[in-house]
Amino acid sequence: MAERVEIFEVGPRDGLQNEARRIATRDKIALVDCLSGAGFTRIEVASFVSPKWVPQMADSGAVLRGIKRAAGVRYAALTPNLRGLTDALESGADEVAIFGSASEGFSRANINATIEESLQRFAPVMETANAEGIRVRGYVSCVVECPYDGPVAPARVAQVAEWLWDMGCYEISLGDTIGRGRPEPVEAMLRAVSDVVPVAHLAGHFHDTNGRALENVEAALGCGLRVFDAAVGGLGGCPYAPGAAGNVATESLHDRLVTLGYDTGLDRDVLESAADMARAMRGAGR
Ligand code: HMG
Ligand code: MG
C-alpha cells in the first residue's frame with residue numbers, strides 16, 4: 001500500500017487573508033464546505049487576529065459557526081494571544097495555532113513583538129488550551145529567509161522550533177513565508193530542526209513565490225517529513241511579508257505526491273471544484 005502523506009489545507013485562512021477585496025462570509029463558508037468533502041483531516045478556516053491588522057479575517061467567528069462540520073475533519077484557527085484563543089473556542093475551533101518567527105524583523109512586522117515577547121504571549125494561550133483539552137500547532141515563519149533580515153540561520157530556526165515544541169505544540173509547521181527556499185538550504189534547515197523536534201511532528205509550509213515549492217516538498221520528503229500545508233488554487237500570501245505569493249497549490253501538491261507514489265487520501269475531483277471556487281474568489285478582486 002502506498003505511504004500516506006497528509007496535506008493540511010490552509011486555503012481558507014492563509015489563502016484568503018491577503019485578498020484585498022472583502023470576500024463574503026457565505027463564499028468563505030461555501031469554500032470550506034466544499035473542502036470538507038475532499039478527505040482532509042485538518043482544514044485551517046479562521047484567524048482570530050486583530051481586524052485592524054488583517055481585515056479579511058474579521059468574520060472568522062461567523063465562518064466557523066456557519067460551516068457544515070464533516071465527521072473526521074478538525075477545523076483549525078490561528079490565535080496570536082489569549083483573546084484570540086477565547087474567541088476561537090467560543091466559535092467552535094477544534095484546534096488552534098500560535099505563530100512565531102525565526103527572524104526578529106518578521107516577528108515585529110507580523111505580530112508587533114520580539115521573538116521573546118511572542119513566546120511570553122503564547123505561554124498563557126498554551127496553558128488555557130491545555131486546560132480546555134485543545135491541541136495547539138506551532139508555526140515558525142521565515143525558516144529560510146526573512147523579507148526584512150535576509151537569510152535565516154538553520155540553528156535559529158531550530159531554536160524557535162524547539163521552544164514551541166517544549167511549550168507543548170503537537171506539531172511544528174515550518175514556513176518558507178516568502179518562497180525563497182531552494183532544496184539545499186531547506187535540507188540544511190530541516191536537518192537542524194529534526195535534531196531537536198522529532199521529524200514525525202514537523203510539517204512543511206511552502207509558499208510558491210519562486211515556483212520552487214514542489215522541489216522543496218521533495219527535499220523535505222527526503223528528510224522524512226510527511227505533512228505539508230497547501231492552499232487550493234494556490235491562494236495566499238502574508239500581508240506582513242512583502243512579495244510573498246500563494247501557498248503551494250493543493251491540487252498540484254496532490255498530483256506530485258501521487259506521481260511520487262504516495263497516497264494523500266484526497267478526492268481529486270473535489271479538489272478541482274474547490275480550486276475553481278478559490279480562483280474565482282481571487283479573480284473577482286483583480
Ligand atoms: P498589537 O497592536 O501589538 O496588540 O497587535 P494590542 O494588544 O495592543 O492590540 C491592538 C488592537 O488589536 C486592540 O484594539 C486590541 O483590542 C486588538 P484597539 O484597542 O486598537 O481597537 N486585538 C485583537 N482583536 C481581535 N482579536 C485578537 C486581538 N488581539 C488584539 N486576537 C496582534 C498584536 C498580535 C494582535 C497583531 O499584531 C495581529 O493581529 N497580528 C496578526 C498578523 C497576522 O495575522 N498575520 C498573518 C498570519 S501569520 C502568516 O500568515 C504566516 C504563516 O502562514 C506561516 C508562514 O507562511 O510563514 C502562519
Ligand atoms: Mg503562510
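In listed order, ligands and their atoms are each counted from 1. Small disclaimer: the values here were computed from a predicted structure and weren't measured. Any value given below was found using the heavy atoms of this structure, including those in side chains, with hydrogens, waters and symmetry copies removed.
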Inset, instruction - Measure from NZ or CZ of Arg135 to the centre of the six-membered ring of Tyr170, then state whether that distance is under 6.0 Å and the direction lies within 45° of the axis. - result: yes
Inset, instruction - Answer yes or no: is there an ion pair linking Glu19 with Arg21, defined by an N-O contact shorter than 4.0 Å? - result: no
Inset, instruction - Would you list the pairs meeting salt bridge (charged side-chain N to carboxylate O under 4.0 Å, His left out) in which at least one residue belongs to residues 97-117, sequence neighbours left out? - result: Glu104-Arg156
Inset, instruction - Run through the protein N/O/S atoms less than 2.8 Å from the Mg ion (ligand 2) and write them out by chain and number. - result: Asp14 OD2, His205 NE2, His207 NE2
Legend entry - Separation of Leu257 CG from Leu221 CG (nearest 0.5 Å): 6.0 Å
Inset, instruction - Tell me whether the centres of the aromatic rings in Trp163 and Phe122 are closer together than 6.0 Å. - result: no
Inset, instruction - Please list, chain by chain and in numerical order, all residues satisfying side-chain contact (heavy atoms from CB on, under 4.5 Å) with Ala129, sequence neighbours excluded. - result: Leu85, Ile134, Val136
Legend entry - Residues in the immediate environment of ligand 1 (any heavy atom closer than 4.0 angstrom): Arg13, Asp14, Gln17, Phe48, Val49, Ser50, Pro51, Lys52, Trp53, Val54, Leu78, Pro80, Asn81, Arg83, Gly84, Phe99, Asn110, Ile111, Asn112, Arg121, Tyr139, Ser141, Gly175, Thr177, His205, His207, Cys238
Legend entry - Atom pair CG (Asn112) and CZ (Arg121), whose distance is rounded to the nearest 0.5 Å: 6.5 Å
Legend entry - Interatomic distance, Thr86 atom OG1 to Phe48 atom CZ [nearest 0.5 angstrom]: 10.5 Å
Inset, instruction - Tell me yes or no: between the side chains of Ser101 and Tyr139, is some donor less than 3.5 Å from an acceptor? - result: no
